[in-house]
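Single-structure report; data block below.
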Amino acid sequence: MKKLFTGSLAKVALGFALGSLVVGGVATAAGTIGSNVVKACVDNRTNAIYASTTGTCSANRTLVNLGAPATTTTSTVSSLSSIVQKVSPSVVTINVSTNSGGGDTGSGAIIKSDSSASWISTNNHVIEAALGGAGKISVELDNGDAYDATIVGRDSNYDLAVIKINKGNLPVIGLGDSAAIQVGDPVIAFGSPLSLDRTVTSGIVSALNRPVVTGTTAGSESYVDAIQTDAAINPGNSGGPLTDALGNMIGINAAIASTATASGQAGSIGLGFAIPYNEAKRIFAEIMKSGYSSRPVLGVVFDTTYTGKGAKIGQLTTGTGSDAATKAGIPVGTIITSINGVRIPDYVAAIVRIRSFAPGETITVIGSLNGGASKTYTVTLGSAKSN
């Protein structure tokens with residue numbers, strides 16, 4: 001299993017959720033409702049049920065009577081099993097066999113299908129072993145049928161890829177809004193952990209905007225502005241969908257934190273990470289249109305030796321699409337402390353945050369020079385062809 005690394009998770013090993021038993025109960029967002037409680041609140045967005053001991057609900061929840069005749073509101077509350085039945089037909093297992101006899105297993109989701117072909121989203125690290133004719137990719141559908149797949153395009157900067165099979169009219173996964181989720185929202189992870197296909201785990205959103213970096217060599221890293229979840233994610237879950245409580249994909253499972261040693265197999269300890277769908281959908285759309293994707297460019301090289309708070313600019317870059325910071329008047333030596341209102345503790349967080357935007361977007365950067373007063377810059381991000 002490959003290693004990942006982050007500044008905020010230095011004491012645990014991080015690995016791709018790529019591999020070759022998940023048992024127990026299912027976690028739910030609703031608290032236990034005692035027999036003496038007859039009123040509850042239904043979240044208007046997620047449909048999760050919460051006990052109401054006061055008989056009132058907040059503005060974003062609707063008051064219902066438990067045990068009362070079904071109403072339009074209560075009838076829309078989806079059970080976990082119905083969500084699984086809805087989503088599972090659009091989830092696939094991806095098997096990669098290499099010419100040298102090795103192989104990897106990952107997961108994916110069908111994001112587009114016409115009369116003759118279907119397009120599947122996954123992680124770059126799931127399929128990269130088959131690059132350049134070094135191996136073959138096989139996709140197994142929920143019904144057990146298997147089809148050879150080809151790579152449409154991939155983006156190692158974001159650890160994303162799209163593959164294609166010549167089988168049409170397949171069910172497409174519902175697509176959600178990752179910007180709308182909040183910490184504590186229920187989520188469901190689908191995939192094939194440890195080669196156990198059609199596996200489902202459930203949990204909550206544990207944190208947002210986690211800077212996660214994959215890769216071990218300079219220039220090969222993938223920077224992810226990740227959704228953190230305690231839904232069990234294990235080797236083989238890579239590329240599979242993380243959905244909201246309605247079964248809409250809001251993330252692509254990508255990595256896990258583990259206490260495993262360098263020689264040990266990483267496993268779930270309740271720290272899983274997914275690439276937000278809102279960030280991934282642009283990449284998928286560009287790949288399906290042209291075979292490659294783009295990334296936003298601030299036009300700086302960060303000083304990786306700087307150990308203070310913030311991200312220090314060590315160098316400005318030039319050239320078409322690569323001089324955004326120069327145009328905005330940001331000088332060398334500026335220590336960036338905030339990007340679009342999000343605190344920047346180090347250069348990794350800065351790179352992750354920049355890559356969460358699209359090329360051409362205008363962002364607000366706050367930084368200081370030589371310990372002076374903070375200054376706000378308005379920057380229109382440049383564009384570069386992604387790796």
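- A side-chain donor-acceptor contact under 3.5 Å links Thr317 to the backbone of Gly299.
- For the pair Pro89 and Gln85, the tightest heavy-atom approach, listed with the atom from each and the gap, is CD-O, 3.3 Å.
- For the residue pair Leu298 and Ala324, the shortest heavy atom distance occurs at O-CB, 3.4 Å.
- Between atom OG of residue Ser293 and atom CG of residue Leu160 there is a gap of 8.0 Å, rounded to the nearest 0.5 Å.
- Side-chain N or O atoms of Asn253 include one that pairs as donor or acceptor with a backbone N or O of Gly240 at under 3.5 Å.
- The CG atom of Asp155 lies 5.0 Å from the CG atom of Asn157; values are rounded to the nearest 0.5 Å.
- Summarising the local packing, NZ of Lys86 is surrounded by more than 12 heavy atoms from other residues, nucleotides or ligands at distances under 6.0 Å.
- Hydrophobic clustering (ILVMFWY, side-chain heavy atoms < 4.5 Å, transitive): Val213 and Val297 are in distinct clusters.
- A continuous path of hydrophobic side-chain contacts links Leu170 to Val172 [ILVMFWY only; heavy atoms under 4.5 Å].
- At least one side-chain heavy atom of Ile163 sits less than 4.5 Å from a side-chain heavy atom of Val139.
- Side chains of Ile188 and Val200 form a contact here, defined as non-hydrogen atoms less than 4.5 Å apart.
- Side-chain atoms of Thr334 come within 3.5 Å of backbone atoms of Pro331 as a donor-acceptor pair (strictly under, hydrogens ignored).
- Counting only heavy atoms from C-beta outward, the side chains of Ile227 and Arg210 never approach each other to under 4.5 Å.
- Contact check for Trp119 versus Ile110: no side-chain heavy atoms found under the 4.5 Å cut-off.
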Can you list, pair by pair, the side-chain donor-acceptor contacts under 3.5 Å of residues 92-99, counting residues two or more places apart and other chains?
| from | atom 1 | to | atom 2 | distance (Å) |
| --- | --- | --- | --- | --- |
| Thr93 | OG1 | Ser192 | OG | 2.5 |
| Asn95 | OD1 | Thr105 | OG1 | 3.3 |
| Thr98 | OG1 | Ser100 | OG | 3.2 |
| Thr98 | OG1 | Gly102 | N | 2.8 |
| Thr98 | OG1 | Gly102 | O | 3.2 |
| Asn99 | ND2 | Gly133 | O | 2.7 |
| Asn99 | ND2 | Ala134 | O | 3.4 |

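- Side-chain contact check for Ile137 versus Thr150: every heavy-atom pair is 4.5 Å or farther apart.
- When all heavy atoms of Val152 and Lys164 are compared, the closest pair comes out as CG2-CB, 3.5 Å.
- Criterion: ILVMFWY side-chain heavy atoms under 4.5 Å apart, direct or through other members. Under it, Ile335 and Ile344 are not part of a common hydrophobic cluster.
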**OP:** Just do the side-chain contact (heavy atoms from CB on, under 4.5 Å) check on Met249 and Ser90 with the steps written out, would you?
**Re:** CA-CA 11 Å; Met249 183 164 69; Ser90 59; over 6 Å; no
**OP:** Using the side-chain contact (heavy atoms from CB on, under 4.5 Å) rule, take Tyr223 and Ile354 through it: C-alpha gap first, then chi angles, then the decisive distance, then the call.
**Re:** CA-CA 10 Å; Tyr223 289 82; Ile354 291 164; over 6 Å; no
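- Of the possible polar contacts, one joining the Asp346 side chain to the Ala349 backbone as a donor-acceptor pair under 3.5 Å is found.
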Which donor-acceptor pairs under 3.5 Å do the side chains of residues 361-384 make with protein atoms, sequence neighbours left out?
| from | atom 1 | to | atom 2 | distance (Å) |
| --- | --- | --- | --- | --- |
| Glu361 | OE2 | Ala358 | N | 2.7 |
| Thr362 | OG1 | Thr380 | OG1 | 3.2 |

**OP:** Decide yes or no on side-chain contact (heavy atoms from CB on, under 4.5 Å) for Leu131 and Ile151, but give the supporting numbers first.
**Re:** CA-CA 8 Å; Leu131 293 176; Ile151 300 174; 3.6 Å; yes
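- Electrostatic pairing of Lys136 and Asp148 does not count as a salt bridge here, judged by no charged N lying under 4.0 Å from a carboxylate O.
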**OP:** Just do the salt bridge (Lys or Arg N to Asp or Glu O under 4.0 Å) check on Asp225 and Arg353 with the steps written out, would you?
**Re:** CA-CA 6 Å; Asp225 191 29; Arg353 189 60 185 162; 3.4 Å; yes
**OP:** List the steps and the verdict of side-chain contact (heavy atoms from CB on, under 4.5 Å) for Val352 and Val224.
**Re:** CA-CA 6 Å; Val352 165; Val224 179; 5.9 Å; no
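- Although no hydrogens or angles enter the test, the distance criterion places a donor-acceptor pair under 3.5 Å between the side chain of Asp159 and the main chain of Asn124.
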Distance-only donor-acceptor hits, side chain of residues 273-289, under 3.5 Å, sequence neighbours excluded:
| from | atom 1 | to | atom 2 | distance (Å) |
| --- | --- | --- | --- | --- |
| Asn278 | OD1 | Ser178 | N | 3.1 |
| Asn278 | OD1 | Ser178 | OG | 3.2 |
| Asn278 | ND2 | Asp177 | OD1 | 2.8 |
| Arg282 | NH1 | Glu286 | OE2 | 3.2 |
| Arg282 | NH1 | Ser294 | O | 2.9 |
| Arg282 | NH1 | Ser294 | OG | 3.2 |
| Arg282 | NH2 | Tyr158 | OH | 3.4 |
| Arg282 | NH2 | Ser294 | O | 3.2 |
| Glu286 | OE1 | Ser294 | N | 2.7 |
| Glu286 | OE1 | Ser294 | OG | 3.1 |
| Glu286 | OE2 | Ser294 | OG | 3.2 |

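- Residues Asn340 and Phe357 are in side-chain contact: their nearest non-hydrogen atoms beyond the backbone lie under 4.5 Å apart.
- Hydrophobic clustering (side-chain heavy atoms under 4.5 Å, transitive across Ile, Leu, Val, Met, Phe, Trp, Tyr) keeps Val342 apart from Ile336.
- A distance of 13.5 Å separates OH in Tyr306 from OG1 in Thr304, rounded to the nearest 0.5 Å.
- Taking CZ from Phe190 and CD1 from Ile233, the interatomic distance works out to 12.0 Å, rounded to the nearest 0.5 Å.
- Taking both residues in full, the closest heavy atoms of Ser386 and Arg295 are given as OG-CD, 3.9 Å, listed atom of the first, atom of the second, then distance.
- Cation-pi geometry between Lys385 and Tyr292 is met: under 6.0 angstrom from the ring centre, within 45 degrees of the axis.
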**OP:** Could you check Ser107 against Asn237 for side-chain hydrogen bond (donor to acceptor under 3.5 Å, both in side chains), going step by step and ending with a plain yes or no?
**Re:** CA-CA 6 Å; Ser107 306; Asn237 271 118; 5.1 Å; no
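- Between Arg154 and Ile127 the shortest side-chain heavy-atom distance falls below 4.5 Å.
- To the nearest 0.5 Å, atoms OG (Ser238) and CG (Asn123) are separated by 4.5 Å.
- At least one side-chain heavy atom of Asp230 sits under 4.5 Å from a side-chain heavy atom of Ile204.
- Among Ile181, Thr243, Asp185, the single residue meeting the side-chain contact (heavy atoms from CB on, under 4.5 Å) criterion with Ile250 is Ile181.
- Proximity of a side-chain donor or acceptor of Ser118 to a complementary backbone N or O of Lys167 within less than 3.5 Å is detected.
- Rounding to the nearest 0.5 angstrom, the gap separating the CG atom in Asn166 from the OG atom in Ser116 is 7.0 Å.
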